[in-house]
Amino acid sequence: ILNVEQSPQSLHVQEGDSTNFTCSFPSSNFYALHWYRWETAKSPEALFVMTLNGDEKKKGRISATLNTKEGYSYLYIKGSQPEDSATYLCAFKGATNKLIFGTGTLLAVQP
Amino acid sequence: NAGVTQTPKFQVLKTGQSMTLQCAQDMNHEYMSWYRQDPGMGLRLIHYSVGAGITDQGEVPNGYNVSRSTTEDFPLRLLSAAPSQTSVYFCASSPPQGGNEQFFGPGTRLTVL
């Protein structure tokens, strides 16, 4: 059974704070690591897909890093805004074609 | 492009009834999958398909059947609905390589009484 874990489960920050979350995944048979942003009452939308150890990706104020040898990825949000409030999901793809999701980190940004 | 479409948006079933959740995509994606979303459980993979004629089980396949007769369509069948299948169901598609993001449909909210 593949184990994809995210921490923390939830996070409350003030507008302007910077924050980060962790995704841990199996370090063997790595193929790709995905990050998705999921707003309430909407569908998940992709932020990043990372495939190489040491990958760093950035989209505006959001960035992510990847360490496949030790099996973790960090998602960073710089200067959080209320519109960043959402659940952030990571998903691991290994040697099979299954994309296995973590349970997510729920971020609430207070104005 | 319509992207990934799902029907119905909402459905209420009685225990023991059967139904099919429809999913279609117009992006010529080979990879399609079904997830269910339950509180505190994230998205759990039910079944997936890497192309027409090929399907495989995910993490929680029991009680569900799928088929993939065309690239566009990937229906999910509940053979005999149970209250434990009350959930929100999401269909997703992507090109087959792991380095490609998944595109999600709007979801189907299913309640089994």
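Chain identifiers are assigned alphabetically (A, B, ...) following the order of the sequence lines, protein sequences preceding nucleic acid strands; residue numbering begins at 1 within each chain.
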**Message:** Other residues, nucleotides and ligands only: do more than 12 of their heavy atoms fall within 6.0 Å of CD on A:Glu15?
**Reply:** yes

**Request:** Specify the closest pair of heavy atoms between A:Lys98 and B:Gly58, including all atoms of both residues, with the distance to one decimal.
**Result:** NZ-O, 4.2 Å

**Item:** Separation between CG of B:Asn100 and OG1 of A:Thr51, rounded to the nearest 0.5 Å
**Value:** 10.0 Å

**Asked** Are B:Met19 and B:Phe74 connected in a single hydrophobic cluster, I mean Ile/Leu/Val/Met/Phe/Trp/Tyr linked by side-chain heavy atoms less than 4.5 Å apart?
**Response** yes

**Prompt:** Under 3.5 Å, side chain of A:Ser43 to main-chain N/O of B:Gly105, donor-acceptor pair present?
**Reply:** yes

**Complete:** Okay, B:Gln6 and chain A: the region with an atom under 4.5 Å from a heavy atom over there is neither

**Message:** How about CD on A:Gln9, more than 12 heavy atoms from neighbouring residues, nucleotides or ligands closer than 6.0 Å, or not?
**Reply:** no

**Message:** Quick check for you: to the nearest 0.5 Å, what is the distance between A:Phe101 atom CZ and B:Gln37 atom CD?
**Reply:** 11.5 Å

**Prompt:** Are A:Leu47 and A:Tyr76 in one and the same hydrophobic cluster, where Ile, Leu, Val, Met, Phe, Trp and Tyr link if side-chain heavy atoms are under 4.5 Å apart?
**Reply:** no

**Asked** With a 4.5 angstrom heavy-atom cut-off, which part of B:Tyr35 approaches chain A: side chain, backbone, both or neither?
**Response** side chain

**Prompt:** Transitively linked via ILVMFWY side-chain contacts under 4.5 Å: B:Val66 with B:Phe90?
**Reply:** no

**Message:** Please identify, among A:Pro44, A:Gly102, A:Gly104, A:Ala91, the residue contributing the most non-hydrogen atom pairs under 4.5 Å to chain B.
**Reply:** A:Pro44

**CZ/B:Arg77: more than 12 non-hydrogen atoms of other groups inside 6.0 Å** = yes

**Message:** I want to check a possible cation-pi pair here: A:Lys93 against B:Tyr48, using under 6.0 Å from ring centre and within 45° of the ring axis as the test.
**Reply:** no

**Prompt:** Given that the side chain runs from C-beta out, which part of A:Tyr36 has a heavy atom under 4.5 Å from chain B: side chain, backbone, both or neither?
**Reply:** side chain

**Message:** Please determine whether residues A:Leu99 and B:Ile54 belong to a single hydrophobic cluster, defined as Ile, Leu, Val, Met, Phe, Trp and Tyr linked transitively by side-chain heavy-atom distances below 4.5 Å.
**Reply:** yes

**Within-4.5 Å side-chain heavy-atom neighbours: A:Trp38 and B:Leu43** = yes

**Fill in**
Minimal heavy-atom distance between B:Leu45 and A:Ile100, with the atoms involved, is CD2-CD1, 4.4 Å

**Asked** Among the clusters formed by ILVMFWY side chains lying less than 4.5 Å apart, do A:Tyr72 and A:Val49 turn up in the same one?
**Response** no

